[in-house]
Amino acid sequence: MTGSLEEVRSLIWKGPEDLNDESLPKFPRPKGNQVLKKAVIISIIMITAYCSLGLIFHSMLPEAGFSANSASHLSKKPSQYFDPNPELWPGPTATGRAPFMAQETVVPSLDGNKNESIKRLWGHLSPYSPNTDGWGIEEFPVPPGAKITQVHTLHRHGSRYPTVGANVQTFGAKIANLTGKFKATQDLSFLNDWVYGLGAEIMVPAGRLQLFESGVNHNYMYAYLYDPKAKIIVRSTTQKRMRESVWNFLSGFFGLDWAEKDIDVGYGIEGNTGRWNNSLAGYDNCPNANSFRNKGGINASAIWVDIYLQNATARFNSMLEGIQLNTKDVYSMQTMCPYETAAFSWSPFCDLFTHTEWQNFEYSIDIQFAGGSSFQSPAGRAVGLAWVQEFAARLESHTLAYSGSQINVTLDSDIRTFPLNQALYFDFSHDTNIQSIVTALGFTQFNQFLPADHHPGNHNLTVSHVTPFGARLDIEVIRTPHPLLPDRTYDKAGQETVYLRFKLNERTLPHPDCGGDRNDALCSLDTFLSLAKEEEALAEYDHACFGDYDAVPYGEITNGRPIR
């Protein structure tokens, strides 16, 4: 090679513009330089391939039900699942107009006592309150010597705006299109200037308060079970109102610094494409639950609405010029009351209806839930099955590596995302999903047929008692030193026994096939686990969700699965 070592060194440190200088000494291309060039090219190709494979792997994570926003490796921690602000699948997030009560009304702030008598008649739109009526069982404290060792909480989100396409949106658009073309008088005069101002699907301030208060309540009930040294994983979904619900609950339970504790929140993807299994939104993976096969409750409710709102429709039309309302319009106006109350703390629509009409409104929702998510639905059990299987697996302390329902095998087979032996389990879901879980658990006291042509009086499936905003099903695991006899004394000859106690909205809910002759509704763990296996067969998940069967009239289905 020609040229001195110093000349070679000087070339190494020169820039590209200098290397083009014709005055520089010329060097032959040694074989070593060619090898180096090839090595650099191969390295670039390998780096490119590695990055490409990484991107492909990252893109596959949502297929497993993770919320994807972080590039951390799954081998370290599945951080996509624990991302607190997933940008994908948040659901609709439209914000409505801001409240301005001081300008609009003299109603006491945050409700006061106004319309208190009708708030429990708003079905799934009712703000949370404990079920003061109870579930037909006497309440007992934990017997002496017994200990609550675990609690499994299934919680609904807080008050929200209406879903996209809801009847209130349609009514709002109708009034907007007719502005200036009609005249409203008397009690409806406010319609002359009324403008629809609700957002879509995200939680409203009252909802945040409901979940915070629930967290505080659960702290008073179960904080003794919390071990600051033990990690806790809480589960929710990617929808914005679901994420905010869990954050407000945890702030109430653990304090505003909960994120600094050893607490992770897992966000299962919730999307309407049915691509991702998610027990907290089980209807997404049950096509028949969203098809004509499951319209019995909606159809029956429409019949009832046409019956009970005839008088109100005639009453309102007498106050209008240039517009005629039908019963669907009037039902939308009635539905506007709970939504506007949740969003703005008051609504001019609430005072338009009589107490009886509000009772009938509640019943219209009870019919919908009976035929759409409970025992009159062909998919009633199937939609809730996955959570029941997960609950049983937690009780038996094992992961799940099969997919006979909406179980997300990727998440449930890994203790990092499906932990075992926690003392506190908190899961956050939706009203119809919780109703289906109650159905899949076998609480057949909710299978009373609800006729579409008259109100039958008191009935168990009163939705405001079962799944109001902020509803919660708390399942306590109770260990006793000996078997507990029906008279609540111990059989000293027996060994330690484990029982379950179901509490729906703070009242003990007896299981019809579990408690036997007990008056405290305690259910032995062994008995429940046997029942859970039977419930899997009763749900007929594959047939109920994917089968090709005929739709039958409302009322013919009585067991939460298709008629064979």
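None of these values were measured; they are calculated from a predicted model. Note: hydrogens, waters and symmetry copies are ignored here, and every other heavy atom, side chains too, is used.
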**Request:** Could you pull out the closest heavy-atom pair between Tyr331 and Ser364, with the gap in Å?
**Result:** OH-OG, 2.7 Å
**Asked** Is Gln406 reaching over with its side chain to a backbone N or O of Asn278, donor-acceptor style, under 3.5 angstrom?
**Response** no
**Prompt:** Just wondering, do Leu509 and Phe446 contact through their side chains at under 4.5 Å, heavy atoms?
**Reply:** yes
**Prompt:** For the ring pair Phe190 and Phe349, is the centre-to-centre distance below 6.0 Å?
**Reply:** yes
**Message:** Any non-hydrogen side-chain atom of Asn192 less than 4.5 Å from a side-chain atom of Phe182?
**Reply:** yes
**Request:** Begin from the C-alpha positions of Ile437 and Leu154 and carry the test side chain to side chain contact (heavy atoms under 4.5 Å, CB included) through to its verdict.
**Result:** CA-CA 10 Å; Ile437 289 170; Leu154 179 65; 3.5 Å; yes
**Message:** Looking at Ser301 and Gly297, would you say the former's side chain and the latter's main chain have a donor-acceptor pair under 3.5 Å?
**Reply:** no
**Message:** Is it the case that the side chain of Asn505 and the backbone of Val466 share a donor-acceptor pair, with hydrogens and angles ignored and the cut-off at 3.5 Å?
**Reply:** yes
**Message:** Is the shortest side-chain heavy-atom distance between His218 and Thr153 below 4.5 Å?
**Reply:** yes
**Prompt:** Going through the checks in order, is the side chain to side chain contact (heavy atoms under 4.5 Å, CB included) test met by Phe253 and Val216?
**Reply:** CA-CA 5 Å; Phe253 192 103; Val216 172; over 6 Å; no
**Request:** Check whether any side-chain heavy atom of Trp358 sits under 4.5 Å from a side-chain heavy atom of Trp122, and report yes or no.
**Result:** yes
**Complete:** Here the pair of heavy atoms bringing Phe443 nearest to His511 is CE2-CA, 3.6 Å
**Message:** Looking at Asp187, I want to see if its CG is surrounded by more than 12 non-hydrogen atoms of other residues, nucleotides or ligands under 6.0 Å.
**Reply:** no
**Asked** Would Arg501 and Glu139 pass as an ion pair if we require N to O under 4.0 Å?
**Response** no
**Prompt:** Do Pro510 and Trp135 touch side chain to side chain, with heavy atoms closer than 4.5 Å?
**Reply:** yes
**Message:** For residues 538-553, which residue pairs pass the salt bridge (charged side-chain N to carboxylate O under 4.0 Å, His left out) check, not counting sequence neighbours?
**Reply:** Arg293-Asp548, Glu540-Arg561, Glu540-Arg564
**Request:** List the steps and the verdict of side chain to side chain contact (heavy atoms under 4.5 Å, CB included) for Glu201 and Tyr161.
**Result:** CA-CA 5 Å; Glu201 306 209 9; Tyr161 288 127; 5.7 Å; no
**Request:** For Ala440 and Val388, work out which heavy atoms get closest and say how close.
**Result:** CB-CG2, 3.7 Å
**Message:** If you compare all heavy atoms of Gln448 against all heavy atoms of Asn460, which two are closest, and at what distance to 0.1 Å?
**Reply:** OE1-N, 4.1 Å
**Asked** Are Gln310 and Thr327 close enough that a side-chain donor and a side-chain acceptor fall under 3.5 Å?
**Response** no
**Message:** Quick check on side-chain contact (heavy atoms from CB on, under 4.5 Å): which of His157, Gln435, Arg156 does His430 satisfy it with?
**Reply:** His157
**Message:** Atom NZ of residue position Lys174 - does it have more than 12 heavy atoms of other residues, nucleotides or ligands inside 6.0 Å?
**Reply:** yes
**Parallel, tilted or perpendicular: rings of His459 and Tyr363 (30°, 60°)** = perpendicular
**Asked** Got a second to check how far Thr335's OG1 is from Lys328's NZ, nearest 0.5 Å?
**Response** 13.0 Å
**Message:** Any side-chain to backbone donor/acceptor pair from Ser464 onto Arg120? Under 3.5 Å, distance only.
**Reply:** yes
**Asked** Where do Arg235 and Glu390 land on the salt bridge (Lys or Arg N to Asp or Glu O under 4.0 Å) test, with the steps shown first?
**Response** CA-CA 12 Å; Arg235 300 194 307 171; Glu390 290 176 331; 2.8 Å; yes
**Request:** May I ask you to test the Phe361-Cys337 pair for a side-chain heavy-atom distance under 4.5 Å?
**Result:** no
**Asked** Where the side chain of Ser436 meets the backbone of Gly380, is there a donor-acceptor pair that is under 3.5 Å apart?
**Response** yes
**Message:** Please check this pair: side chain of Thr354 against backbone of Glu357, looking for a donor-acceptor N/O pair closer than 3.5 Å.
**Reply:** yes
**Prompt:** Hey, is the main chain of Asn360 close enough, under 3.5 Å, to the side chain of Trp304 for a donor-acceptor pair?
**Reply:** yes
**Fill in**
Taken to the nearest 0.5 Å, the spacing of Thr237 OG1 from Glu270 CD works out to 4.0 Å
**Item:** Pairwise distance NE2(His465) to CG(Leu461) - rounded to 0.5 angstrom
**Value:** 11.0 Å
**Message:** Counting only heavy atoms not in Tyr220 (residues, nucleotides, ligands), do more than 12 fall under 6.0 Å from its OH?
**Reply:** no
**Request:** Could you tell me whether the side chains of Ser236 and Arg243 share a donor-acceptor contact shorter than 3.5 Å?
**Result:** no
**Request:** With the side chain counted from C-beta on, respond yes when Met221 and Lys503 share a heavy-atom pair under 4.5 Å apart, and no when they do not.
**Result:** yes
**Prompt:** Checking Ser377 side chain against Ala379 main chain: does a donor-acceptor pair fall under 3.5 Å?
**Reply:** yes
**Prompt:** Backbone N or O of Ile175 within a donor-acceptor pair of the Thr179 side chain at under 3.5 Å?
**Reply:** yes
**Message:** Tell me if the aromatic rings of His124 and Phe369 count as close, with their centers under 6.0 Å from one another.
**Reply:** yes
**Request:** Using the six-membered ring wherever Trp is involved, compare the ring planes of Phe426 and Phe249 and label them parallel, tilted or perpendicular (cut-offs 30° and 60°).
**Result:** perpendicular
**Request:** State, yes or no, whether a side-chain contact exists between Trp247 and Arg208 at a heavy-atom distance under 4.5 Å.
**Result:** no
**Prompt:** When rounded to the nearest 0.5 angstrom, what distance separates CG in Leu191 from CZ in Phe316?
**Reply:** 9.5 Å
**Fill in**
The reported gap from CD in Gln368 to CG in Leu450 (rounded to nearest 0.5 angstrom) is 12.0 Å
**Asked** Is the backbone N or O of Thr341 less than 3.5 Å from a side-chain atom of Ser345, with the two atoms forming a donor-acceptor pair by type?
**Response** no
**Asked** Which heavy-atom pair separates Ser279 from Trp387 by the least distance, and what is that distance?
**Response** CB-N, 3.8 Å
**Asked** Is it the case that more than 12 heavy atoms not belonging to Asn311 sit under 6.0 Å from its CG atom?
**Response** no
**Prompt:** Is the charged tip of Arg160 near the ring of Tyr339: under 6.0 Å from the six-membered ring centre and within 45° of its axis?
**Reply:** no
**Request:** Classify the side-chain pair Tyr128/Glu506 by whether it contains a donor and acceptor separated by less than 3.5 Å.
**Result:** yes
**Request:** State plainly whether the residues Arg518 and Asp520 are in salt-bridge range, i.e. N to O under 4.0 Å.
**Result:** yes
**Request:** Supply the atom-to-atom distance Tyr541 OH to Ile407 CD1, rounded to the nearest 0.5 angstrom.
**Result:** 9.5 Å
**Message:** Can you confirm if the aromatic rings of Tyr308 and Phe353 lie within a centre distance of less than 6.0 Å?
**Reply:** no
**Asked** Which heavy atom of Asn288 sits nearest a heavy atom of His543, and at what distance?
**Response** ND2-O, 3.9 Å
**Residue of the set Ser159, Ser245, Ser129 for which side-chain hydrogen bond (donor to acceptor under 3.5 Å, both in side chains) holds with Gln210** = Ser159
